[in-house]
Amino acid sequence: MRLNLFWQFGLVFLALLLAVLLAVDIYAERVLRRNYLREGFERLDALGRLAQARPPLLASQLSSQQPPQESLQENGPSDLSSWVKWMARSGARITVVTADGRVLADSAEDARKMENHANRPEIQQAFASGGGRAVRHSATLGRDLVYLALRHQPPSGGPVVLRLALPLKHIDDALAEFRRQLLAASLVILLAAGAISLLVSRAFSMRIERLKIFSQRVAKGDFRPLPVESTGDELSELTRALNETAAHLDWTIRSLTDERNRSSAILRSMVEGVAVISAEERILFSNQAFSQILGLDLPQCEGRRVVEVTRESDLLGVVKQVLAKRETVHSEVVMGTVRPRSFAVTAGPVVGPDPGKGRPDTTGAVLVLHDISELRRLERVRRDFVANVSHELRTPLTAIQGFAETLLGGAIDDQENRGRFLEIIRDHARRLARLTDDLLKLSEIEADRMELEFCPVGVAELIDDCAETTRLRVEERHHILQVDYPDGLPPVRGDRNRLAEVLLNLLDNAVQYTPPGGQVTVRARAVEGAVQITVSDNGIGIPQADQERIFERFYRVDVARSREVGGTGLGLSIAKHIVEAHGGQLWVESTVGQGSDFHFSIPTAR
Ligand code: ADP
């Protein structure tokens with residue numbers, strides 16, 4: 001059963017009041033009894049003195065053992081029964097008992113019917129020491145009495161005891177009366193105190209109720225302070241303290257929320273995939289980049305086991321390792337089979353206090369995935385580039401060296417062949433020069449050292465000039481070259497020589513990679529904010545897999561064929577850089593065996 005504060009106070013108060021009443025009752029009874037007994041004995045003493053001063057005449061009873069005949073002495077009753085009656089007028093009960101316990105006379109009962117009184121303690125005491133007292137229940141009268149017994153030695157015969165007794169009845173009456181008054185007073189006190197404590201405890205419990213509602217409000221996130229009462233007691237102090245706690249909580253929650261928002265904004269905007277893993281290998285948190293890397297929706301990730309969201313054994317191994325070893329693990333994992341991507345994985349343990357053991361323990365790990373595919377690609381490109389350059393240079397150099405040595409070895413006198421050998425040396429030297437030219441151009445472009453002189457360039461003139469330059473080679477290979485552009489094309493913003501370089505390269509490739517008697521077309525059209533120029537051929541085409549790579553340095557679909565026609569594998573790479581330096585784009589559409597369309601767009605001058 002739940003008792004509210006009011007009833008708890010009320011019951012304690014009632015118990016206290018009852019305890020006090022009981023103590024008062026016990027104490028009052030003792031004091032009253034003592035007083036009444038003292039008073040009773042004082043009266044009995046006075047009567048005793050009177051009895052001793054006027055003792056009864058006892059000779060006849062003592063000798064004949066017959067009740068005496070009534071006779072009067074000079075100053076009082078002369079025989080025993082008259083004396084007893086005379087004494088009893090004082091209100092006391094008078095009994096005369098012989099040494100053997102026989103009752104000679106009694107003021108309240110017929111002495112002949114009374115039992116032997118030899119065993120009464122006051123009588124035994126009186127015979128032994130001359131006087132005896134007792135407070136006890138009278139078997140004869142059936143009530144409590146105070147007794148005083150005095151030994152009396154009559155002039156003749158044995159001693160007798162004169163016993164005087166007063167009833168205790170009025171002590172009990174007085175006590176009962178006192179109790180009645182005490183009870184009435186207590187009732188009044190109880191009612192008054194009850195009413196007062198009702199008011200006090202109601203006010204008290206209302207204030208506590210207010211505090212309870214306030215703390216419930218705080219728990220729900222409402223931190224508005226409670227008005228502090230001016231009573232200055234402990235409850236108003238408690239209100240003040242709770243207000244301070246609420247304000248502090250408010251501040252803490254606000255700063256934690258700000259902190260969390262900041263952190264999640266940072267984590268959201270990070271390109272690195274970040275995830276927090278629990279000791280049970282569950283994902284507690286992950287940012288968008290992380291779920292994108294694993295190809296999942298963000299809500300799918302959280303709460304799930306790592307093994308459920310990825311099958312990458314390397315990544316799972318890293319998670320297990322960091323949780324087991326409790327030290328940062330750096331690793332590199334490659335994910336995906338169609339388009340493999342490389343990630344630098346850093347997994348750091350999260351160490352926190354273990355509530356059970358009280359010492360730091362691993363509570364999880366933070367996983368950071370950094371996409372280094374581009375870095376790895378660039379490294380590979382650089383490696384390939386060095387290998388390619390060496391390879392490209394070695395071929396002409398070996399040829400030059402070989403033919404030069406042949407000439408020196410005597411072939412110089414060989415009229416028939418020396419001219420051919422020298423031509424070969426010259427061709428390879430030209431090839432070397434072209435190669436170094438292209439490499440220099442490329443390095444200039446890549447180091448952002450290419451100087452472009454921007455000015456409006458008329459597209460029609462550009463196309464016409466380039467077509468004219470290529471015409472000879474077109475004719476050599478029996479191709480048909482077509483030019484197709486509308487009137488009024490807007491001029492583009494660019495460096496004329498560089499743009500011509502791009503177009504010539506594309507035309508050159510179209511001529512080279514189209515079997516004799518093919519068709520080469522140059523078109524131009526205005527698109528939004530730019531002019532798009534397209535060089536089409538119906539030549540050998542480029543396989544889909546190579547289309548993206550032909551813009552890489554030294555990349556050639558058919559190396560032997562490219563070498564044969566004097567290609568360096570750098571032309572498209574340079575062209576793409578030039579177009580992009582103009583703010584445009586260069587791309588290809590091609591089907592093997594049907595031909596290729598190379599498009600590039602250059603922004604217009606306006
Ligand atoms: P190259 O000096 O070898 O021509 P490029 O960079 O100009 O170098 O071209 C790279 C490769 O792209 C060529 O080796 C060739 O395989 C392919 N290619 C370029 N243009 C065409 C085209 N019009 N038709 C077919 N293949 C082409």
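Just so we're clear, the structure is a prediction, and the values are computed from it rather than from any experiment. Counting starts at 1 for both ligands and their atoms, in listed order.
A donor-acceptor contact closer than 3.5 angstrom is absent between the side chains of Gln585 and Glu580.
In this structure a side-chain-to-backbone donor-acceptor pair under 3.5 Å is present from Arg282 to Gly303. A donor-acceptor pair under 3.5 Å is absent between the side-chain atoms of His370 and the main chain of Phe343, judged by distance alone. Using a distance-only test at 3.5 Å, with no hydrogens or angles considered, a donor-acceptor pair links the side chain of Arg418 to the main chain of Ile412. His479 contributes no side-chain N or O that, together with a main-chain N or O of Glu475, makes up a donor-acceptor pair within less than 3.5 Å. Between the side chain of Asp250 and the main chain of Ala246, no donor-acceptor pair closer than 3.5 Å is present.
Atom 16 (O) of ligand 1 has Val557 N, 3.1 Å as its closest protein atom, hydrogens excluded (heavy atom only). Protein heavy atom at the shortest distance from atom 12 (O) of ligand 1 is Ile550 CG2, 3.5 Å. The protein heavy-atom contact nearest to atom 24 (N) of ligand 1 is Tyr513 CB, 3.4 Å. Counting protein heavy atoms only, atom 14 (O) of ligand 1 is closest to Arg556 CG, 3.0 Å. If you check which protein heavy atom lies closest to atom 3 (O) of ligand 1, you get Ser562 OG, 2.6 Å. Atom 19 (C) of ligand 1 has Asn509 ND2, 3.6 Å as its closest protein atom, hydrogens excluded (heavy atom only). From the protein, the heavy atom lying nearest to atom 26 (N) of ligand 1 is Ile542 CG1, 3.3 Å.
The aromatic rings of Phe598 and Phe551 lie perpendicular to each other, with more than 60° between the two planes, well past the 30° mark. Note: Phe421 and Phe403 have tilted aromatic rings, judged against thresholds of 30 and 60 degrees for the angle between ring planes.
The N/O atoms of Thr568, backbone and side chain alike, include one that comes under 3.5 Å of an N/O atom in ligand 1. Taking any N or O of Asp537, backbone or side chain, at least one lies under 3.5 Å from an N or O belonging to ligand 1. Checking only distances, Gly541 never comes within under 3.5 Å of ligand 1, N or O to N or O.
Remark: distances from the non-hydrogen atoms of Tyr555 to ligand 1 include one below 4.0 Å. Taking 4.0 Å as the cut-off, Gly569 counts as a neighbour of ligand 1 on heavy-atom distance.
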- prompt: Is there a side chain to side chain donor-acceptor pair (under 3.5 Å) between Tyr513 and Asp508 once you walk through the steps?
  reply: CA-CA 9 Å; Tyr513 299 106; Asp508 215 34; over 6 Å; no
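Nearest-heavy-atom check against atom 6 (O) of ligand 1 across Leu572, Leu507, Val535 picks out Leu572.
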